[in-house]
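In what follows, a single structure is set out as C-alpha cells and then discussed.
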Protein chains: 2
Amino acid sequence: MSDDPRSLTTIRRAFEVLDVLQETNGAGPTELARRMDLPSSTMYDYLRTLHETGYVTREDGEYRLSPRIYTMAGRMKHRDRLFQTAKPEMKRVANDTDELVGLTIEHDGKGLILHQEEGPQALNLGTYPGAMTPLHTHASGKVILAYLPDDEAEAILRDGPLAQRTERTVTDPDALRAERERIQERGYAVDWDEQVIGMGMIAVPILIDERLHGALNIVAPTGRVQNESYQEELRQKIEESVNRISINYQYGGSGTPREP
Amino acid sequence: MSDDPRSLTTIRRAFEVLDVLQETNGAGPTELARRMDLPSSTMYDYLRTLHETGYVTREDGEYRLSPRIYTMAGRMKHRDRLFQTAKPEMKRVANDTDELVGLTIEHDGKGLILHQEEGPQALNLGTYPGAMTPLHTHASGKVILAYLPDDEAEAILRDGPLAQRTERTVTDPDALRAERERIQERGYAVDWDEQVIGMGMIAVPILIDERLHGALNIVAPTGRVQNESYQEELRQKIEESVNRISINYQYGGSGTPREP
DNA sequence: ATATATTTTCCGGAATATTCGGATAGGGTG
DNA sequence: CACCCTATCCGAATATTCCGGAAAATATAT
C-alpha cells in the first residue's frame, strides 16, 4: 500500500476516496471506510475535508462526487488548442457523413477520447469523451502506436498484456509490429469488429511539426466500412479535415477563447 | 488559511495545487511554491505525490493537470441519467432549430452547464459544458431560482453580491423576487443581453416528480429572440422536449449504459 | 411507542507522516 | 567555464493525522 515512504499518503488516500466514490455512486462514511479498510472516524475526516474543497457533495448523509469535476474538466478542454481547432472540423464531417467522428489522444500508454461529434443519426456504441481504451484494440489506437516513437510503442507492445476485446482483436505483438509499418506507409488505419462487434473505424494521425498530437477517426457500422468505395470516401474526408486542423492549429486564431 | 483545525490541511493544499496548476498551465515546483507561499521542497513532495495518483503529469520538469480529469468527468457524465435522457432530445432540437441548446443544473448556488448541443450553424459565445455562472444573469438561472425552494432562492438573493455582467443584468433582489413569481406563473423565462451582449435565451424548468432537476434552454442572437413569434416557436419546442425528457427519465431504459 | 441496532459525528492524546532548511545535482546562459 | 536558477534529495523536529471510544443522530425491530 505505502510503496514510497516519501509520498504523502494523505493525498494518495484522498484520491482513492474519490475513486471509490465514483464507483459507489453515493455512500456514507461507514461503507466507504469498510471499502478502504480504514476506521470510519478517519474516513469521516477525509470526507469532511473533501467536502470543504468542493469536490465532494454531502446530501442527507450520503457523500458523492461533486459536479465541480465537470468545471475542472470543462475548463481544461475549453483551453485545449487541439480540441478547439478540431471541434468545428469534426462537426462538419459528422454532419456531412452522418457518422460518429472522434478525436483520440495518447495518455499513459492508452487511448483517450478527447472529443466526439455525432451526426444526427450516428450510432454510438457506448464510447464517450474521457473514455480510455487500450491502443491496440482499434484503428485510432493503432495509428497512434504507429506514429509514437519506436521505444514508446515497443514498451507498450512488450509490457502487455494486450487485452482481447473481441475475437477479432489483434493481440499478437508481432502482428501489431507489422501493422505499425503498414500504417506508417499508408498513412491511415482501418479496423472492424476489433473493439466492439459491429463497429468499424477509419483513423488518420494528426501530425503537426512532425509531432503526433492525436488521431482523428470516423466510426461506422462494420458493414459500411467493409465497402471499399465508402471507406475510401470517409478516409478522404478525415484526411482533408486533418489537413485543415493542422493548418488552423499552427496559424489559427488567438488560442484561448474567452471565459464566461 | 487553516480555518477548521480538524480538516486535513494536506488534502486542502493538494486541491489548491490542482487549482493553481489549472491556471498556470504547466509550471515547476519553484513557481508553484511561490504562488502558494510554501517552500519548494514541500511543493515538490506534493507534486510528486499528485503525479503518482495520475492526476498530474510531469513532462520535462513541468507539471500540469493530467487528462485523467477527463476520464473522471466523462464517466460521471456518462452515468448521469438526466444527461443521458436529455442528450438525444437536445440534439434533435439543436438540429431542428439550428440554435444552441443547453442543459443547466444548480450546484452550490450557481448554474452549471451540464451539456450543450449546437446546431450546425449555431453560434456559441464562449459558454461550454462545465462552466459555472451566477443564476441571476440568464434565463436558465432564473428559471432555476424560480423553482428552487423559497429558502434556498432567498439565501442566494440575500447573500449576494449579485454580479453585474452587462448593463442589462438584473441585480436588484426585489426585481428578481418579482421575476421569480412571474416565471412560476408562466412556466418559462426569457432574457437577452443580460449575460452576454448579443445573446438571448429562453429557458424552461425540468420538473420530475415535483422536483427541479435543471433547466433546458435555447440560445439565439438577441435580435431573433426579440421576435415574438420566433420566441414562441422556440419556447414550444423546448417545452415539448422537456416533456419527453421527463417521461423518458421516469419510465425510460435501463439507466446506465455499458462501459467501453 | 419503546427499545435496539447502526451510522454519523465529535473529541483528545499518541504516533507518525508531513514539513522545511539546507545540501546536492542538473540545466541553461552569457 | 563560472554563474545563477531550479529540481531533487535528505534528515530531524514537530505539527498533523489517526484511531479508539463516547455522544448524537438515525434507522430498524419489537
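All chains are named by letter (A, B, ...) in the order of the sequence lines, taking the proteins before the strands, and each is independently numbered beginning at 1. Values reported hereafter were calculated over all heavy atoms of this structure, with side chains retained and with hydrogens, waters and symmetry mates removed. If you're wondering where the values come from, they're calculated on a predicted model, not measured in any experiment.
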Taking protein heavy atoms under 4.0 Å as touching, what does nucleotides 4-11 of chain D look like 5' to 3' if B marks base contact, S marks sugar-phosphate-only contact and - marks none?
--SSSBBB
Scan nucleotides 23-30 of chain C nucleotide by nucleotide, 5' to 3', and note B when protein non-hydrogen atoms come under 4.0 Å of the base, S if they reach only the sugar-phosphate, - if neither.
--------
Taking only N/O atoms, report every protein-nucleotides 15-17 of chain C pair under 3.5 Å with atom names and distance.
residue	atom	partner	partner atom	Å
dA17(C)	O3'	Thr9(A)	OG1	3.4

Mind checking side chain to side chain donor-acceptor pair (under 3.5 Å) for [X] and listing every partner two or more places apart, or none if nothing turns up?
| X | value |
| --- | --- |
| Lys87(A) | Glu118(B) |
| Arg182(A) | none |
| Arg244(A) | Glu89(A) |
| Glu239(B) | Arg235(B) |

Once you round it to whole Å, what is the distance between [atom2] of [N] and [atom1] of [X]?
| X | N | atom1 | atom2 | result |
| --- | --- | --- | --- | --- |
| Ile11(B) | dT16(D) | CD1 | C1' | 12 Å |
| Leu38(A) | dT17(D) | CG | P | 15 Å |
| Met43(B) | dT18(C) | CE | C1' | 14 Å |

His138(A) and Thr133(A) side chains, donor-acceptor separation under 3.5 Å:
yes
Please list, chain by chain and in numerical order, all residues satisfying ring pair (Phe, Tyr, Trp, His ring centres under 6.0 Å) with Tyr147(B), sequence neighbours excluded.
none
With sequence neighbours left out, write down each residue that passes ring pair (Phe, Tyr, Trp, His ring centres under 6.0 Å) with Phe15(B), or none if nothing qualifies.
Phe15(A), Tyr55(A)
According to the salt bridge (Lys or Arg N to Asp or Glu O under 4.0 Å) rule, which pairs have a member within residues 24-41 of chain A, sequence neighbours left out?
Glu31(A)-Arg35(A)
Distance below 4.0 Å between Tyr46(A) side-chain N/O and dC18(D) OP1 or OP2:
yes
Results of salt bridge (Lys or Arg N to Asp or Glu O under 4.0 Å) for Lys77(A) - residues two or more places apart only
none
Could you tell me, to 10°, how much the axis swings from one end of the helix from dA1(C)-dT30(D) to dG30(C)-dC1(D) to the other, five pairs per end?
50°
Less than 4.0 Å between a side-chain N and a carboxylate O, is that true for Arg64(B) and Glu59(B)?
no
